[in-house]
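What follows is one structure encoded as structure tokens, with my remarks underneath.
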Amino acid sequence: MPIDRRKAAVFGGAFALRVLLLLLFPSLPDLLTGRVEVSTPVTSFKRLQEGLFLYNRNVSPYDGGVFHQAPLLLPIFSLLPSSRNSPLPAAIFYSLIDLLNANALVTISDSAQAVVSRLYSSPRKQIKWDGAVVAAWFLFNPFTIATCLGRSTAVFTSIGILYALSAAVQGQSVNAMLALGFASYLSIYPALLVIPLVLLSFDSRAERSSVTPSAALFVTKHIAIFLSSIAGLLGLSLLIVDDFSTLVAATYGFQLLVPDLTPNIGLWWYFFIEIFDSFRDFFLGVFWLHLTAYAGSLSVRLRRQPLFVVTSLLGIFAVFKPYPSISDASLYFALLPLYRHLFPLMRYTFFSVSAILYASLLGPAFYHLWIYAGSGNANFFYAITLVWSLGLSLIIADTIFAALRDEWEQENPEKRGQTVKQV
């Protein structure tokens with residue numbers, strides 16, 4: 001099998017860059033691990049170390065009230081040397097995870113599902129980047145590098161999502177459901193991707209088969225596989241935590257009820273600090289309803305482009321989930337290059353990119369002014385997180401507009417390039 005030299009160069013350069021940063025700046029991982037932009041209560045490496053400390057002493061990792069991540073991560077990290085004494089093995093491990101994610105992106109890109117699918121063919125399908133360029137966008141993204149060096153456990157959710165997409169575009173629908181089940185086991189929000197992922201798997205399977213499978217039977221079977229994979233992982237978790245109610249309350253209950261209002265780059269923490277407790281349950285339901293409503297509506301409206309639906313939902317999660325981090329944004333940005341053909345149709349690229357760069361540079365400064373310098377307050381940091389969310393929202397809305405415009409021009413080729421007004 002011939003070696004793709006461009007892909008090997010990208011992968012080798014990205015791996016070398018991560019190791020070099022660790023060797024040149026040995027205190028950088030600990031610095032990034034403590035940043036609220038990188039670590040959240042459900043992805044923090046420090047909290048994972050607390051759970052690992054209890055696990056290695058045969059104590060329930062949830063007894064301390066600090067650890068809120070999936071228990072199956074603990075046996076994996078117990079095999080690695082202590083990160084305090086030997087940080088290099090952990091850095092290499094996370095770097096390899098990034099390379100696996102990039103390899104899944106190459107597979108997704110090479111499938112060309114972003115431009116040509118069973119039900120849709122873009123009139124701009126010739127405008128695209130190859131897998132090596134898409135992988136480079138991901139591997140050399142500063143957000144991806146910071147997540148890797150900060151050792152956020154969100155990378156494991158990302159690998160589950162990307163390999164679910166990779167399997168789906170290849171027609172390996174069962175593997176796609178198993179991978180998504182793994183991602184949903186680690187976190188709640190990937191479960192919302194099951195609708196567009198089943199549609200993507202159905203389209204890929206139908207393309208490769210001379211007979212189109214029954215849609216109802218296909219959906220029922222694969223949702224059952226998805227739920228069974230989660231149930232199996234929860235069953236394995238009981239080998240570590242024998243109290244199922246404690247396990248669910250400390251992981252999924254924690255993510256659903258949002259009891260920890262540690263500042264992050266999301267929209268939830270400040271709002272729930274300010275509201276009265278009597279209204280908390282109501283607004284908690286409203287926020288979750290708002291987040292979940294996008295999955296069904298986008299899947300119906302953009303039925304012909306299920307891969308784009310997944311991409312848009314990942315961007316929406318990066319804005320509206322309760323504990324977001326730059327890892328969620330980096331995952332969304334990793335899939336955006338697949339839609340190079342939509343870039344000419346986007347209208348607010350300059351403003352959205354400017355807002356994201358503005359927030360990325362000033363966010364750490366505003367947090368420092370609030371927490372360390374004492375010359376600001378929570379409004380300083382929350383204001384810049386609003387700018388961050390605005391920038392992401394502009395990109396998401398603009399790409400959805402571009403996708404709809406692309407569909408319209410495919411249906412009306414004689415009107416390509418003309419000005420469109422909504423009436």
Side-chain angles (χ1 to χ4, degrees), residues 105 108-131 133-134 137 165 168-171 192-193 195-213 215-216 218-219 293-316 319 332-353 355 390-423:
L105 282 169
I108 298 169
S109 176
D110 291 344
S111 72
Q113 282 284 339
V115 291
V116 180
S117 62
R118 183 174 76 96
L119 301 176
Y120 181 72
S121 178
S122 171
R124 297 173 176 81
K125 57 187 175 183
Q126 73 281 1
I127 306 176
K128 62 178 181 178
W129 283 314
D130 63 8
V133 175
V134 174
W137 269 77
L165 290 174
V169 298
Q170 297 179 83
L192 297 175
L193 302 175
I195 298 174
L197 192 67
V198 168
L199 295 177
L200 179 61
S201 301
F202 178 81
D203 288 348
S204 299
R205 179 72 67 84
E207 280 183 316
R208 290 166 170 79
S209 176
S210 57
V211 180
T212 303
F218 186 92
V219 170
Y294 289 102
S297 56
L298 286 177
S299 298
V300 172
R301 179 59 186 85
L302 293 166
R303 164 65 186 94
R304 297 192 292 168
Q305 302 184 66
L307 181 58
F308 180 76
V309 174
V310 174
T311 303
S312 299
L313 286 176
L314 290 175
I316 290 169
V319 178
Y332 174 59
F333 292 149
L335 292 170
L336 271 186
L338 298 174
Y339 296 93
R340 170 68 181 86
H341 62 287
L342 297 181
F343 290 179
L345 298 175
M346 295 174 65
R347 302 166 295 174
Y348 309 117
T349 305
F350 174 77
F351 297 103
S352 54
V353 172
L390 173 64
L392 281 176
S393 300
L394 281 174
I395 291 182
I396 296 165
D398 213 11
T399 53
I400 292 175
F401 165 83
L404 294 175
R405 173 67 194 241
D406 196 55
E407 280 192 2
W408 183 80
E409 290 190 358
Q410 191 256 351
E411 295 169 355
N412 304 274
E414 72 282 358
K415 297 182 179 181
R416 181 174 180 179
Q418 296 183 13
T419 302
V420 178
K421 292 184 179 180
Q422 183 176 3
V423 294

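Here the structure is a predicted model, which means the values were calculated and not measured.
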Quick test of your reading: applying side-chain hydrogen bond (donor to acceptor under 3.5 Å, both in side chains), list the pairs with at least one residue in residues 198-207, sequence neighbours left out, ordered by first then second residue. Gln113-Glu207, Arg118-Asp203, Ser173-Arg205, Asp203-Arg303

Search all heavy atoms of Val198 against all heavy atoms of Phe218 and return the closest pair with its distance. O-CE2, 3.6 Å

Looking at Thr399 and Phe308, what are the two nearest heavy atoms and their distance? O-CZ, 3.4 Å

Closer than 3.5 angstrom, by distance alone: can the side chain of Asp406 be matched with the main-chain N or O of Ala402 as a donor-acceptor pair? no

Side-chain heavy atoms of Arg124 within contact of Arg340, under 4.5 Å: no

Taking Leu200 as the fixed residue, which of Val309, Val169, Val310, Leu193 is the one that meets the side-chain contact (heavy atoms from CB on, under 4.5 Å) rule? Val169

What is the minimum heavy-atom distance between Leu307 and Tyr339, and which atoms define it? C-OH, 3.2 Å

My understanding is that only one of Ile396, Ile395, Leu390 makes a side-chain contact (heavy atoms from CB on, under 4.5 Å) with Ser352; could you say which? Ile395

What pairs with Asp130 under side-chain contact (heavy atoms from CB on, under 4.5 Å), at least two apart in sequence or on another chain? Arg6, Ala132, Val133

Shortest non-hydrogen contact between Asp398 and Thr349, atoms and distance: OD2-N, 3.8 Å

Can you tell if the side chain of Leu298 reaches within under 4.5 Å of the side chain of Ile316, non-hydrogen atoms only? yes

Can you give me the closest heavy-atom contact between Ala112 and Lys128, atom names plus distance? CB-NZ, 4.0 Å

Between Ser109 (side chain only) and Leu105 (backbone N and O only), is there a donor and an acceptor less than 3.5 Å apart? no

Per side-chain contact (heavy atoms from CB on, under 4.5 Å), Leu338 is matched among Leu335, Leu342, Leu336 by Leu335

Would you compute the distance between atom CG of Leu119 and atom CD of Glu407 and round it to the nearest 0.5 angstrom? 10.0 Å

Going by heavy atoms in the side chains, are Tyr120 and Val115 under 4.5 Å from each other? no

For Glu411, which residues count as a side chain to side chain donor-acceptor pair (under 3.5 Å) partner, sequence neighbours excluded? Arg304

Once you measure the plane-to-plane angle for Phe343 and Trp129, does it fall in the parallel (<30°), tilted (30-60°) or perpendicular (>60°) bin? perpendicular

Between Gln410 and Ser121, the two heavy atoms sitting closest are CG-O, 3.2 Å

If we only count heavy atoms from C-beta on, is the Leu404 to Arg301 side-chain gap below 4.5 Å? yes

